[in-house]
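What's counted below: heavy atoms across the whole structure, side chains too, no hydrogens, waters or symmetry copies.
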Amino acid sequence: METTSEQYWDVYLKNCPCRDVLDLLANKWTALMLGALRRQPHRFGELRRAVEGISQKMLTQNLRALERDGLITRTVYPTTPPTVEYALTDLGTDVSQHLIALSTWSQANFNRISAARESFDARVMEPVS
C-alpha cells in the first residue's frame, strides 16, 4: 500500500494498518528491549540477560518484528562463530524516547497505582441485582 504524507491513519478503526505498529510498541518486551538497546548495542545473549524474564522465543520474535519495522539493525560480523549485534536505528531511537518516558512515569507513580489497587481489592463487591 503506497502512502503519501497526507495519508490519514486512525488506529481506532479496526482495519487501520497502524494497529500492527501500535501492537508491537505496546508490547512490554518491545519497550524493555528498546530501552536496553538505547543504552548500547547488544548481542542476543546480552539482550536476553538485560531483559530478565524474556524467553528465547519471545526475544527472537520481537527482534525480527523490530528489524522488519526499521526500529533496529542486525549486524553479522564475520567471526567464528559469527557475532550478531542488534542496535537502534534513528527511528528506534526516536520511539524509545517515548517508551522510556512511559517507563519513568510508571516508576514515579507506582506507589499511587499500588495504593489504588489495594483500595480496589479491599472493596466489597456487591452483586448486581
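Here the side chains of L24 and D69 are in contact, with some heavy-atom distance below 4.5 Å. For the pair R74/V76, a side-chain contact is recorded, criterion being any heavy-atom separation below 4.5 Å from C-beta on. Contact of the P17 side chain with the W9 side chain is registered, since non-hydrogen atoms from C-beta on lie closer than 4.5 Å.
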### Task
Begin from the C-alpha positions of D94 and T89 and carry the test side chain to side chain contact (heavy atoms under 4.5 Å, CB included) through to its verdict.
CA-CA 9 Å; D94 185 39; T89 62; over 6 Å; no
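Taking CD1 of I72 as the start and CG of L34 as the end, the distance is 7.5 Å to the nearest 0.5 Å. To the nearest 0.5 Å, atom CZ of residue R68 and atom CG of residue L63 are 15.0 Å apart. Atom CG of residue L59 and atom OH of residue Y86 lie 7.5 Å apart, to the nearest 0.5 angstrom. One finds the CG atom of L13 at 7.5 Å from the CZ atom of R19 (value rounded to the nearest 0.5 Å). Atoms CG and OG1, on L66 and T73 in that order, are 11.0 Å from each other to the nearest 0.5 Å. Residue C18 holds its SG atom at 9.5 Å from CG of D10, rounded to the nearest 0.5 Å.
Within the structure, side chain to side chain donor-acceptor pair (under 3.5 Å) contacts touching residues 20-47 (residues at least two apart or in different chains) are T30-N62, R38-S96.
No hydrogens or angles considered: nothing links the side chains of T93 and Q97 as a donor-acceptor pair under 3.5 Å.
L91 and V95 fall within the same hydrophobic cluster, where Ile, Leu, Val, Met, Phe, Trp and Tyr residues are linked whenever their side-chain heavy atoms come under 4.5 Å apart, directly or through other members. Side-chain heavy atoms closer than 4.5 Å link hydrophobic residues (I, L, V, M, F, W, Y) into clusters, and following such links, even through other members, never connects L22 to M33.
Here the closest heavy-atom approach between residue L47 and residue A36 is recorded as CD1-CB, 3.8 Å.
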All N/O donor-acceptor pairs, side-chain side in residues 111-122, below 3.5 Å, sequence neighbours left out:
residue : atom : partner : partner atom : Å
R112    : NH1  : N109    : OD1          : 2.9

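Here the side chain of S103 pairs no donor or acceptor atom with the backbone of L99 at under 3.5 angstrom.
Every residue meeting the side chain to side chain donor-acceptor pair (under 3.5 Å) condition with T83, not counting sequence neighbours, appears here in chain and number order: T79.
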